[in-house]
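Note that these values count all heavy atoms, side chains included, but never hydrogens, waters or copies made by symmetry. In what follows, chains carry the letters A, B, and so on, assigned in the order in which the sequence lines appear, proteins first and then strands, with residues in each chain numbered from 1. Because the structure is predicted, anything quoted here is derived from the model rather than measured.
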Number of protein chains: 2
Amino acid sequence: MATTKKIYDQFLERTHELFTLQSIGAVLHWDKETFMPKKGIETRASQLQLLSGLSHDYLTNPKLGELIEQLSEPQHAKNLSDTEQVNVREMKRAYERSIKIPKKLSQEISHINTMATEAWIEARKNDRFQDVAPWLEKIVALNRQYAKCLGFKNDYDALLDGYEPQATTAELKPLFEKLRKELVPLVPWAMEKCEKFKPLRFATKFPIEKQTTLEKILLEKIGFDLDCGRLDISTHPFCTSFSGDVRITTRYQEENFCKSLLSVFHEGGHGLYEQGFLPQHKNTPMAEAASFGVHESQSRFWENIIGRSRPFWKYFTPIAKKYFPEVLAHVTDDQLFHYVNQVRPGFIRVDADEVTYNLHILLRFEIEQELINNGLKIADLPEIWNSKMKAYLGITPPNNKLGVLQDIHWYSGGIGYFATYTLGNLYSAQWYQQMHKELPDVEKQIAQGEFLNILGWLRKNIHSKGQYYPAAKLCETVTKEPLNEKHFLNYLKNKYETFN
Amino acid sequence: MATTKKIYDQFLERTHELFTLQSIGAVLHWDKETFMPKKGIETRASQLQLLSGLSHDYLTNPKLGELIEQLSEPQHAKNLSDTEQVNVREMKRAYERSIKIPKKLSQEISHINTMATEAWIEARKNDRFQDVAPWLEKIVALNRQYAKCLGFKNDYDALLDGYEPQATTAELKPLFEKLRKELVPLVPWAMEKCEKFKPLRFATKFPIEKQTTLEKILLEKIGFDLDCGRLDISTHPFCTSFSGDVRITTRYQEENFCKSLLSVFHEGGHGLYEQGFLPQHKNTPMAEAASFGVHESQSRFWENIIGRSRPFWKYFTPIAKKYFPEVLAHVTDDQLFHYVNQVRPGFIRVDADEVTYNLHILLRFEIEQELINNGLKIADLPEIWNSKMKAYLGITPPNNKLGVLQDIHWYSGGIGYFATYTLGNLYSAQWYQQMHKELPDVEKQIAQGEFLNILGWLRKNIHSKGQYYPAAKLCETVTKEPLNEKHFLNYLKNKYETFN
């Protein structure tokens, strides 16, 4: 009989190959969004399709299944280290999800998602929801079919589980409802707090080249290694990683240096997570994020909890003044702090402040369940969208472009994803309150531009863990309690309380 | 029995997949040389290794061999169009070369090439040939073994054939010897012609940003489509293509705008070839260069025959003056023409002028045959190198860094490649004399900045042909005679004759 080591080595070789193939796809995606000339798209689509087929073949290879099976048996499992067991567990999870999906369905989904995305771009441009509605109909039907194959008790949970392993609607629903009940009245309260401050207007522009220089300084300051990473420009900012070679992007407005800076903070947060996996776990699940929600907790932590904090602007304003001496000459750190924390309900999620942001998400989370579990009609979507916007944010989108057509997710097949944004916000606040206990002078450190203890805390408690724990268990292990919306709400209340 | 169409369709699907896989590798190589952060190399090496293994598996798949076999049988071959037959012929060629090489040998070659390249970088830095000599020994032995597997009459021809299909030493040797005998005395003659002109010195610098702008204008002017291509910076300029998405690079000197400009002309020439294959042949041999020599003929044509011509500088000097008004204020087109055509024997091939360049190549071509066919000892390499330099160029390298250590080719496993550089030069001159017959006012067109008829001629006669003809046959078809060194020699003599 083969020894555990031999079986594990074979398993590891296949795992490495699968991860390497996927990282090749990531390079192609990165190039597509940053440097690819526009007529390169046709070839790129064929390359990505070929790779995704190959990945599927690698992942569903019966030989891999056999190795996983063997390693899961007690006589071998007991010989594996903890992290080796995690790798087997997570590959098993991925393998079992994949083999349940017929190749034909998977190809149909991929095809429809691409076609529908194209239709959405046009429909949004022309504010014609009816043009993309038939595609969305098909997408919802395929997602239901996909969920049925996976065989969860609740269809929506099958989709959610693809992004947030082991999360269930049964657990998230009450959590999110408590959050919503508190957030809705918080909006007018925080708006009132903000009203006391005269809105800041910048006299001249911020040259893009200088913004980039400043951002790279900031990235290095918070511990992002530009020797194994890059900062570039793309239409929509993102972060991607090829096993440690971590690429982030931003976009620029000449009128406002804060937008891009906070976006770099956000993507840099994702990037620090990717750079923080342990090298010995390269190309295995142990060098992967616990969940999309935990990944988002890292970006929101650096963007909001650090980047929108008062101590950060105390530290950073003098530095920014050096780069933009004229335009920031008479601006104070307090003014910049208030500026990046303005609360105002708006139609567009990606522009939302910290108080209103999660209401955008909760609305989508609720609608998604109706779509998948309760057969909500596509034709009724704009109306339910607008009525929820009115109820939660007090505003009604004047058209679908500013409403149901705004996000790409549903139209590119991503149903079950939105909840992870709110989970990210909640986790980030909960990490911060725990960090506070362990590093009591954390705010002082931020005000002095010292971020390495903060990064060290995240590295130790979150980054280095990879997929060791599922997200919920990670939260309990690190913070000694389950995810609790109170921490995020307290964080918001404390912040706006000081707006006096 | 399956119809020809069915078999060809299956063949085509596999061909497309193989080409697509290879184009993915090309994207990874491009990123490696342009934007990859330095610590990304380890992952990149694994990605490239995986892809090259996959390509090998695709290419040597017995099912592909079977399809090729069937399509080569008369009853199917007769149903194929001319271009379909070319695709079968060329895939057969590639398939048969690949299956003759044991996978173990191919992996050993790849491994040694990578290791030896690293050793060469160090050895060159320290001017210690002895440090890399054992690696070169191994490389030559592996190349001999590789050649033996391919089973050519002459071992060296097996290597040559990998770059210049169907070329043989028996044909090239007399051609190159005639060339050498004429070139050697041409060097002092051309040097004397050049002496009449005062060397040009630029007063100030050429900002890199402006050089790039000017180069992009030039690229568009000669017909390079920047919507399906890019221009970037890399240590060594190169051109690569992902089925029509064509990326070229250059490097800059602030002191001299001509260097980068001519390098862009060179890589742009390669790029125009890649953009000129017919779209319906995408991902098949019909959308591949006839040979490395023909590819090089395109780059040398644009770099030298156009870019170093008197009419080009007549046209281009006023444009360059607009971009660099101060530094070029008192410079004439004649001065720039002479400047880019200075003849001076030097140690470094890549810096060589048009007259001495091929002598560098012939030296290497002769040594390569001695290494592969006649067992020349590695230890004797520096001496034979230096004695040939003395004989052909009248100078002796003071060290190996400026001699046998200068080029990467042998140390990265590329033996049999150098000849294609000289073939490129010869072809380019032969194309030009034929073009002259068909477009008698071609020089006037260049002087007026009209390049589209020239590109049209290349598109019609060379680019659109892909691998329809082997290189030698292409030459005969287009110019009505076999490759003849006279055209190149006449071109040089005519050019320097005018230096009066």
Charged N-O contact under 4.0 Å between B:Asp225 and A:Lys39 | yes
Decide if atom CD of A:Glu209 counts as having more than 12 heavy atoms of other residues, nucleotides or ligands within a radius under 6.0 Å.
-> no
Can you label the angle between the B:Trp30 ring and the A:Phe35 ring as parallel, tilted or perpendicular, going by 30° and 60°?
-> perpendicular
Under 4.5 Å to a heavy atom of chain B? For A:Leu50 that would be side chain
If you look at every heavy atom in A:Leu226 and B:Pro37, which pair is closest and at what distance?
-> O-CB, 3.9 Å
If you count heavy-atom pairs under 4.5 Å between each of B:Leu21, B:Ile41, B:Leu48, B:Asp232 and chain A, which one has the most?
-> B:Leu21
Any donor-acceptor pair under 3.5 Å from A:Ser243 side chain to B:Thr43 backbone | no
From CD (A:Gln47) to CZ (B:Phe19), nearest 0.5 Å | 13.5 Å
Could you state the interatomic distance from NZ (B:Lys38) to CG (A:Asp227), rounded to the nearest 0.5 Å?
-> 4.0 Å
What distance separates A:Gln49 CD from B:Glu17 CD, expressed to the nearest 0.5 Å?
-> 9.5 Å
Given a strict heavy-atom distance threshold of 4.5 Å, which part of B:Asp31 is in contact with chain A: side chain, backbone, both, or neither?
-> side chain
Taken to the nearest 0.5 Å, the spacing of B:Glu42 CD from A:Lys282 NZ works out to 4.0 Å
CD1 on B:Ile24 to CZ on A:Arg44, rounded to 0.5 Å = 9.0 Å
If you count heavy-atom pairs under 4.5 Å between each of A:Ser46, A:Gly53, A:Gly229 and chain B, which one has the most?
-> A:Gly229
